[in-house]
**Student:** 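Starting off with a structure, shown below.
Throughout, numbering of the chain's residues begins at 1 and tracks the sequence. What you are looking at is a predicted structure, and each value in this text was computed from that prediction instead of being measured.
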Amino acid sequence: MLIRSVRPYGEGDPVDVLVTDGEIAEIGTSIDAPDDIEVVDGAGAIVLPGFVDMHTHLREPGREDTETIRSGSAAAALGGYTAVFAMANTAPVADNSTVTDNVWRSGREVGLVDVYPVGAVTVGLEGKQLAEMGMMASGAAGVRMFSDDGKCVSDPLLMRRALEYAKGLGVLIAQHAEEPRLTVGAVAHEGPTAARLGLAGWPRAAEESIVVRDALLARDAGARVHICHASTEGTVALLRWAKEQGIAVTAEVTPHHLLLDDSRLLGSGSEASGPGLGAYDAINKVNPPLREERDKVALRQALADGIVDCVATDHAPHAAQEKCCEFAQAKPGMLGLQTALPIIVETMVAPGLLDWRGVARVMSERPAQIVGLTDQGRPIAVGEPANLTLVDPETSWVVHGRELASLSDNTPYESMSMPATVVATLLRGVVTARDGEVTR
Ligand SMILES: NC(=O)N[C@@H](CC(=O)O)C(=O)O
Ligand SMILES: [Zn+2]
Ligand SMILES: [Zn+2]
């Protein structure tokens, strides 16, 4: 394939990029198109390394009514992703190599994105006994990241052991930081909004106490730890402190925690709410909860500064009946794969907090480094694997849940206009998505 007049990282004059045998073969001006090669007009477009999502829920096995490896892979390719990490909170739980190897194989068969299964840290996500991490790491999937996401590994001794084992195996532990004793019955961020609505509050300290605890455990074990979906100003301060101490802690932030806050729970009366939203709409329910303005501001700055390393979607599909019900009963989570890039453009690029090179860093390079993928997040240069995303920064589009590739519709951005469009995604030189359609 020959991509004409595209700007790598949105920098400099447009160039042609020739892709052959899965690699970038040539970058230059007016490259002669070899016979029979597909030519894509990239005029006005930016080319970035394909995005890597460290945090996706694909719901297969167990809840194929809400998402499958196929439908989730399609959403990923359309969102510009070339690799996703599928969380372990499936049914059965991905706590053994039979499940993780099956997820990996299914992902390969679909072939739209590299699907890397995340293994559970504890058997059945029960937080009682360590799972066979070594077995999963040495299986066909070569599991490199472990998490009980959805639940916190709250027992400090068990977490310490997990970090020690992970260090020996050379794998990463990702923590859903939520001290469960502080979130009993909690459904919304603890603050004025939850108080006004009479919703049980999820305090910032529930997250922050685990972040600092795990940083200290990682320090003592000489291990790495990754913090999932960082959501508070205090977490940012603790991450900064831990990094200053030389502790090997990394963190991700979700697009929804950068864009939304708990004023959404008040419904259409509030400025931040989308059109037609009522109060107590569980479309806004997520773990950790949408916080406050000052948390959003701190998270954006932290992502710009590198204190928060990367963006991860926490794409969490749920069936309509699990979201369209009483707030307290509804499942937490929202779709994210197809709206991630536009939200980063809106919250980070538009205000000048990140340039396109920075977008490549937080959506591709850093996540690939953190999980140790050697073929993703690579420079756009001759000889590199052609895992690429073509972005049109000028065209906007309107989100409609029913038009997204996910089998579920639970997007909080219904009817919102999004800046920037993914024009095409290439996985090892093969086009996986183009002009809003997947190719296989
Ligand atoms: N984020 C969520 O609100 N939900 C996730 C679990 C999780 O990421 O903690 C899910 O699996 O639905
Ligand atoms: Zn989580
Ligand atoms: Zn999650």
**Student:** Are Arg428 and Asp114 close enough, and set up right, to give a side chain to side chain contact (heavy atoms under 4.5 Å, CB included), and what steps lead you there?
**Tutor:** CA-CA 10 Å; Arg428 286 181 285 279; Asp114 287 344; 2.7 Å; yes

**Student:** If we count only N and O atoms by modelled type, under 3.5 Å, do the side chains of Thr421 and Asp392 hold a donor and an acceptor together?
**Tutor:**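 No, no side-chain donor-acceptor pair sits under 3.5 Å.
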
**Student:** Looking at Asp314 and His55, would you say the former's side chain and the latter's main chain have a donor-acceptor pair under 3.5 Å?
**Tutor:**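 Here the side-chain-to-backbone pair does not exist.
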
**Student:** Main chain of Ala298, side chain of Gln301: is a donor-acceptor contact present, judged purely on distance under 3.5 Å?
**Tutor:**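 Checking the backbone N and O of Ala298 against the side chain of Gln301, no donor-acceptor pair under 3.5 Å is found.
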
**Student:** Side chains of Ser231 and Arg291: is there a donor and an acceptor less than 3.5 Å apart?
**Tutor:**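 Present: a donor and an acceptor within the cut-off.
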
**Student:** Could you state the interatomic distance from CD (Glu322) to CG (Asp65), rounded to the nearest 0.5 Å?
**Tutor:**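 Taking CD in Glu322 and CG in Asp65, the distance rounds to 7.0 Å.
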
**Student:** Which pair of heavy atoms, one from Glu346 and one from Leu259, lies closest together, and at what distance?
**Tutor:**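 For Glu346 versus Leu259, the nearest heavy atoms are OE2-CD1, 3.8 Å.
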
**Student:** Whether the side chain of Lys323 engages the backbone of His318 through a donor-acceptor N/O pair (distance < 3.5 Å, no angle test) should be reported.
**Tutor:**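 It does not hold such a pair.
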
**Student:** Donor-acceptor pair, distance only, cut-off 3.5 Å: does the side chain of Asp53 make one with the backbone of Thr313?
**Tutor:**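 Present.
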
**Student:** Quick one, Pro49 and Tyr9 - any side-chain contact, counting heavy atoms below 4.5 Å?
**Tutor:**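 SC-SC contact between Pro49 and Tyr9 confirmed.
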
**Student:** Would the distance check show the side chain of Asn410 and the main-chain N or O of Gly333 forming a donor-acceptor pair, the cut-off being under 3.5 Å?
**Tutor:**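 Here the side-chain-to-backbone pair exists.
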
**Student:** Got a donor-acceptor contact below 3.5 angstrom from the Trp397 side chain to the Ala420 backbone?
**Tutor:**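 Flag set: sc Trp397 to bb Ala420 pair under 3.5 Å.
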
**Student:** Verify the neighbour count for atom CD of Glu132: are there more than 12 heavy atoms of other residues, nucleotides or ligands below 6.0 Å?
**Tutor:**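 No.
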
**Student:** Nearest 0.5 angstrom please: Ile27 CD1 to Leu18 CG, how far?
**Tutor:**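 Here the rounded value is 10.0 Å.
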
**Student:** Does a side-chain heavy-atom distance below 4.5 Å link Phe51 with Thr82?
**Tutor:**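 A side-chain contact under 4.5 Å is absent here.
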
**Student:** Hey, does Met1 have a side-chain heavy atom less than 4.5 Å from the side chain of Leu426?
**Tutor:**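 Leu426 reaches Met1 side chain to side chain.
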
**Student:** Do we see a donor-acceptor contact under 3.5 Å between the side chains of Glu207 and Thr235?
**Tutor:**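 Side chains of Glu207 and Thr235: pair found under 3.5 Å.
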
**Student:** Report yes or no: do Thr250 and Asp309 form a side-chain donor-acceptor pair below 3.5 Å?
**Tutor:**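 Checked: Thr250/Asp309 side chains show no N/O donor-acceptor pair below 3.5 Å.
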
**Student:** His226 and Gln175: side-chain donor and acceptor closer than 3.5 Å?
**Tutor:**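 Gln175 and His226 do not have a side-chain donor-acceptor pair below 3.5 Å.
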
**Student:** Verify whether one side chain among Asp262 and His189 offers a donor that lies under 3.5 Å from an acceptor in the other.
**Tutor:**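 The criterion, which ignores hydrogens and geometry beyond distance, is not satisfied for His189 and Asp262.
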
**Student:** Carefully, step by step, assess Arg161 and Glu164 under the rule salt bridge (Lys or Arg N to Asp or Glu O under 4.0 Å).
**Tutor:** CA-CA 5 Å; Arg161 294 278 176 266; Glu164 288 166 356; 3.2 Å; yes

**Student:** Does a side-chain N-to-carboxylate-O contact under 4.0 Å join Asp41 and Arg4?
**Tutor:**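 No, this pair does not count.
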
**Student:** Is the shortest heavy-atom distance from the side chain of Trp356 to the side chain of Leu48 under 4.5 Å?
**Tutor:**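 Yes, side chains in contact.
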
**Student:** Taking Ser406's backbone N and O only, do any of them form a donor-acceptor pair with Ser71's side chain (distance below 3.5 Å, no angle check)?
**Tutor:**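 No, the answer is negative, given that no donor and acceptor are paired below the 3.5 Å cut-off.
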
**Student:** Taking the side chain from Lys285 and the backbone from Ala330, do they hold a donor-acceptor pair closer than 3.5 Å?
**Tutor:**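 A pair under 3.5 Å: yes.
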
**Student:** Could you tell me if Glu64 and Thr68 have a donor-acceptor pair between their side chains, going purely by distance under 3.5 Å?
**Tutor:**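 Result is no, nothing qualifies.
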
**Student:** Should Ile370 and Cys310 count as side-chain neighbours, where that means a heavy-atom distance under 4.5 Å?
**Tutor:**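 SC-SC contact between Ile370 and Cys310 confirmed.
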
**Student:** Between the side chains of Glu60 and Thr90, is a donor N or O closer than 3.5 angstrom to an acceptor N or O?
**Tutor:**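 Thr90 and Glu60 do not have a side-chain donor-acceptor pair below 3.5 Å.
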
**Student:** If you round to the nearest 0.5 Å, how far is CD1 of Ile283 from CE of Met334?
**Tutor:**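 Answer for the CE-CD1 pair, Met334 versus Ile283, is 7.0 Å.
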
**Student:** Sort out for me which residue in Glu292, Glu178, Glu233 forms a salt bridge (charged side-chain N to carboxylate O under 4.0 Å, His left out) with Arg204.
**Tutor:**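 Answer after filtering Glu292, Glu178, Glu233: Glu292.
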
**Student:** Taking side chain as C-beta onward, heavy atoms only, is Leu335 less than 4.5 Å from Tyr413?
**Tutor:**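 A side-chain contact is absent here, since even the closest heavy-atom pair is not under 4.5 Å.
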
**Student:** Does Thr432 reach the main-chain N or O of Thr425 with its side chain, forming a donor-acceptor pair under 3.5 Å?
**Tutor:**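 Side chain of Thr432 to backbone of Thr425: a pair is present.
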
**Student:** Are His176 and His229 near enough that their ring centres are under 6.0 Å apart?
**Tutor:**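 Judged by ring-centre distance (under 6.0 Å), His176 and His229 do meet the cut-off.
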
**Student:** Any salt bridge linking Glu67 with Arg59? Criterion: basic side-chain nitrogen under 4.0 Å from a carboxylate oxygen.
**Tutor:**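 The answer is no: the pair does not qualify as a salt bridge.
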
**Student:** For the atom pair CG (Leu258) and CD1 (Ile343), what is the distance rounded to the nearest 0.5 Å?
**Tutor:**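 Reported to 0.5 Å precision, the distance equals 8.5 Å.
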
**Student:** Check the surroundings of atom CE in Met135: do more than 12 heavy atoms from other residues, nucleotides or ligands lie under 6.0 Å from it?
**Tutor:**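 Not buried by this count: 12 neighbours or fewer within 6.0 Å.
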
**Student:** Considering residues, nucleotides and ligands other than Asp355, do more than 12 of their heavy atoms fall under 6.0 Å from its CG?
**Tutor:**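 Counting other residues, nucleotides and ligands, CG of Asp355 exceeds 12 neighbours.
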
**Student:** Please examine the side chains of Leu354 and Arg361, heavy atoms only from C-beta on, and report whether any two atoms are closer than 4.5 Å.
**Tutor:**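 Yes, side chains in contact.
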
**Student:** Strictly distance-based, threshold 3.5 Å: is any side-chain N or O of His257 a donor or acceptor partner for the main-chain N or O of Pro288?
**Tutor:**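 Judged by distance alone, yes, a pair lies under 3.5 Å.
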
**Student:** Between His315 and Gln338, is there a side-chain donor-acceptor contact under 3.5 Å, judged purely by atom types and distance?
**Tutor:**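 No, no side-chain donor-acceptor pair sits under 3.5 Å.
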
